[in-house]
Amino acid sequence: MILANLYNKVLGFFRQTENEAVESSKDTACNRLRVVLMQDRTNLTPELMERMRGELVELLSKYVEMDKDALELNLEQDGDQVALMLSIPVIRAKDEDEIKEALEAAEAKESEETSEEDDTNEEESEEETEDSSEDHENDSEENSKETSEKEENNENSDKKSSSKKEEK
Amino acid sequence: MSGRVIVITSGKGGVGKTTTNANIGTALAKAGKKVVMIDTDLGLRNLDLLLGLENRIVYTIVDVVEERCKLKQALVKDKKNPNLCLLAAAQTRDKSAVTQEQLKDICEQLQKDFDFILVDCPAGIEQGFQNAVAGASEAIVVTTPEMSAVRDADRIIGLLEAKEEIKSYKLLINRVRPNLIKSNDMMSVDDVVEILSADLIGIIPEDTGIITSTNKGEPIVNDEKSLAGKAYNNVARRIIGEDVPFLNLEEPQGVMAKIKKFFSGLTGKEK
């Protein structure tokens, strides 16, 4: 009897280690917390993130042809710093003429719409959009044909600056 | 003498701010330091209960502020340790009875006579918190390995970082349950530290002894056998500046306990 129990115990031990691939409640808690804290620290609600994503798609499509639905935009924590992670599957690099055309079209559109710019409520998200897109411009000029690229943007919101923004 | 003013805060209620205050204060006093604890939770005072001093309070912090008594008269001496004093909160008033300036002033006066001034902060981030933090230059942020407590601690850390007077803050993780952590059902100390990216000053295990010690009005650091008491004593030593390693909570208590556990597991299954 005791031997059988021992056998079961040993078996059970190995099964436990196999099951560790399944996410534990602790991991769920950690992941949920990370996401929610990122939102708390940066004042970026899911709606604002969605808006930022939309604006990025619009801006970057001038330079590269990409899979718009697969563009991923996430806030991630790297030690003390908050990073904006942007993953863009590039389908095809645009040639010079196409880029010129897109830029001109955008400029024409802009001059038409100068009267109707949004209020400055979401300053922060706009700031970050600008920064990350600048970085990306360089990449696309190099005509990289990778299907996916990750990009990090550490300059903006580390913890301190975000908490100061909160104060305002 | 210019004492250190440390505020003990958490954001969320019920994570053990007051218990931490009572135990660190008592431990520091036992180590020979002159300690005064200020309860700033006006209207919801409890520090007196944890210290067993509820029947000795004559004057409160509001009496001091409204000049019905001198500051020294309002300090209640601990039953056992003459190094330890309490400035109690008023139970009948609300948070607006004392201003930030007044609290700052009280802290400055106490700094002359005491090595440590521990300020017990109310839960929340409103005026009560702002008042409690006003006179302090250091902070201990108490949290537990639970999502809501960690989130609130993050908020508090953000607010503390924005305050120039707060020169440093440390994290104390309370009510840690090694068994749950082992089975991956509770965030570990490392997880919490990583998420909050703050320096750690203490890890306190969940201990049923806390309940009985509260019942008796006797801080658990006075119980030599208690693991939580030991952990709080270590926190006090770290505050003084000693380099004390963290207790290894996952280690089984002894070889006998381990053997017992193994056999009880076997016989239990046979039934």
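Letters go in sequence order (proteins before strands), and every chain restarts at 1.
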Rounded distance [0.5 Å steps], OG1 in A:T28 versus CG in B:N184: 10.0 Å
Spatial distance of atom NZ (A:K26) from atom CD1 (B:I181) [nearest 0.5 Å]: 8.5 Å
Interface moiety of B:M186 toward chain A, non-hydrogen atoms closer than 4.5 Å: backbone
B:E165, CD: over 12 other non-hydrogen atoms inside 6.0 angstrom: yes
Distance (rounded to the nearest 0.5 Å) between B:R151 CZ and A:L33 CG: 8.5 Å
A:E58 atom CD, over 12 foreign heavy atoms within 6.0 Å: no
From CA spacing to verdict: side-chain contact (heavy atoms from CB on, under 4.5 Å), A:C30, B:I195: CA-CA 8 Å; A:C30 282; B:I195 287 172; 4.2 Å; yes
Lys/Arg N to Asp/Glu carboxylate O, A:R41 vs B:D154, below 4.0 Å: yes
